[in-house]
Amino acid sequence: MKYYTHRGIIDNELENSKEAVINTLNSSDYDGIEVDLRLTYDKKVILIHDKDTRRISREKLIISKTEYNMLEKLKLYDESYLLTLQHFIQIYKKYDTYN
């Protein structure tokens, strides 16, 4: 049986964050990770579960109505930033021990 984390292993990090992804890839307890993807207004793919940023930051930006250059500057509650799918793939390639 294979085990996957849902949005990453979360200690003090936010779900779908860089640290949650790295925590998962460094863990021998899981075989992979499930992340949530959404399209920004300008069609960039980012990792976020909700349709807006209300739950993870002080600002409420609707993902589908906001350009990525605005979202990439948004500081989240854990002091991190949103990841693009491209960033996720780069992290995965760096930390995945099965490559």
Side-chain angles (χ1 to χ4, degrees):
M1 180 177 272
K2 295 202 177 240
Y3 295 96
Y4 296 86
T5 63
H6 184 234
R7 304 178 194 155
I9 296 175
I10 303 163
D11 293 320
N12 296 315
E13 306 78 25
L14 291 172
E15 62 194 32
N16 293 310
S17 68
K18 178 180 178 179
E19 289 304 316
V21 171
I22 292 171
N23 289 346
T24 301
L25 295 174
N26 284 331
S27 172
S28 60
D29 295 332
Y30 296 94
D31 300 299
I33 182 172
E34 174 273 335
V35 294
D36 301 291
L37 304 174
R38 289 198 179 263
L39 279 177
T40 64
Y41 179 77
D42 50 346
K43 306 298 184 220
K44 299 274 188 181
V45 180
I46 61 169
L47 276 68
I48 186 169
H49 173 74
D50 299 331
K51 65 180 180 180
D52 61 54
T53 60
R54 179 181 47 88
R55 195 168 53 86
I56 60 173
S57 76
R58 288 187 176 89
E59 293 186 52
K60 181 183 176 183
L61 300 174
I62 298 170
I63 303 304
S64 64
K65 295 183 179 183
T66 307
E67 290 186 358
Y68 176 70
N69 66 356
M70 294 284 294
L71 291 164
E72 75 177 332
K73 299 171 189 169
L74 180 67
K75 192 175 276 191
L76 308 179
Y77 282 135
D78 68 350
E79 303 295 315
S80 68
Y81 298 90
L82 292 168
L83 290 177
T84 63
L85 179 57
Q86 184 176 7
H87 291 134
F88 171 78
I89 291 169
Q90 290 170 350
I91 294 165
Y92 196 89
K93 285 181 178 179
K94 180 178 180 182
Y95 286 91
D96 182 28
T97 57
Y98 297 107
N99 274 337

inquiry  = side chain to side chain contact (heavy atoms under 4.5 Å, CB included) for D36 and I48? Distances and angles first, verdict last.
reply    = CA-CA 5 Å; D36 301 291; I48 186 169; over 6 Å; no
ask   = Which pair of heavy atoms, one from D50 and one from I63, lies closest together, and at what distance?
value = O-CG1, 4.0 Å
request  = Could you walk me through whether K93 and Q90 pass the side chain to side chain contact (heavy atoms under 4.5 Å, CB included) test, one step at a time?
outcome  = CA-CA 5 Å; K93 285 181 178 179; Q90 290 170 350; 5.9 Å; no
query = Hey, mind stepping through L37 and I46 against side chain to side chain contact (heavy atoms under 4.5 Å, CB included) and telling me if it holds?
reply = CA-CA 6 Å; L37 304 174; I46 61 169; over 6 Å; no
ask   = Counting only N and O atoms by type, is there a donor-acceptor contact under 3.5 Å from the side chain of S17 to the main-chain atoms of A20?
value = yes
task = Report yes if some heavy atom in the side chain of V45 is under 4.5 Å from a heavy atom in the side chain of T84; otherwise report no.
result = no
message = Can you give me the closest heavy-atom contact between G8 and I33, atom names plus distance?
response = CA-CD1, 3.5 Å
ask   = How far does CD of Q86 sit from CD1 of I91, to the nearest 0.5 angstrom?
value = 11.0 Å
task = Of all the heavy-atom pairs spanning Y30 and T24, show the shortest one and how long it is.
result = CB-CG2, 4.4 Å
request  = Answer whether the closest heavy-atom distance between the side chains of I22 and K18 falls below 4.5 Å.
outcome  = yes
key: Closest contact, heavy atoms only, Y77 versus L14   = N-CD1, 4.0 Å
ask   = For the hydrophobic clusters of this structure (ILVMFWY residues joined by side-chain heavy atoms under 4.5 Å, transitively), does one cluster hold both M70 and I56?
value = no
query = Under a 4.5 Å side-chain heavy-atom rule over Ile, Leu, Val, Met, Phe, Trp and Tyr, are L71 and L39 clustered together?
reply = no
task = Using modelled atom types only, decide if a donor and an acceptor are shared between the side chain of D78 and the backbone of E13 within a distance under 3.5 Å.
result = no
key: Nearest heavy atoms of K2 and D31, plus distance in Å   = CA-OD2, 3.0 Å
task = For residues 61-71, pull every pair meeting side-chain hydrogen bond (donor to acceptor under 3.5 Å, both in side chains), keeping only residues two or more places apart or in separate chains.
result = none
query = Are side-chain heavy atoms of N16 and L82 found at a separation under 4.5 Å?
reply = no
request  = Hey, could you give me the CG/OG distance between L74 and S57, rounded to the nearest 0.5 Å?
outcome  = 4.0 Å
message = Test side chain to side chain contact (heavy atoms under 4.5 Å, CB included) on D29 and Y3; report intermediate values, then the result.
response = CA-CA 8 Å; D29 295 332; Y3 295 96; over 6 Å; no
task = For residues Y81 and E72, report the shortest heavy-atom separation together with the two atoms involved.
result = CD2-O, 3.4 Å
key: Test side-chain hydrogen bond (donor to acceptor under 3.5 Å, both in side chains) applied to H49 and R7, E15, R55, the passing residue   = R7
inquiry  = To the nearest 0.5 Å, what is the distance between CG on L47 and NE2 on H87?
reply    = 10.5 Å
inquiry  = With salt bridge (Lys or Arg N to Asp or Glu O under 4.0 Å) as the rule and sequence neighbours excluded, what pairs involving residues 38-47 come up?
reply    = none
request  = Spell out, as yes or no, whether a donor-acceptor pair under 3.5 Å connects the side chain of N23 to the backbone of I9.
outcome  = yes
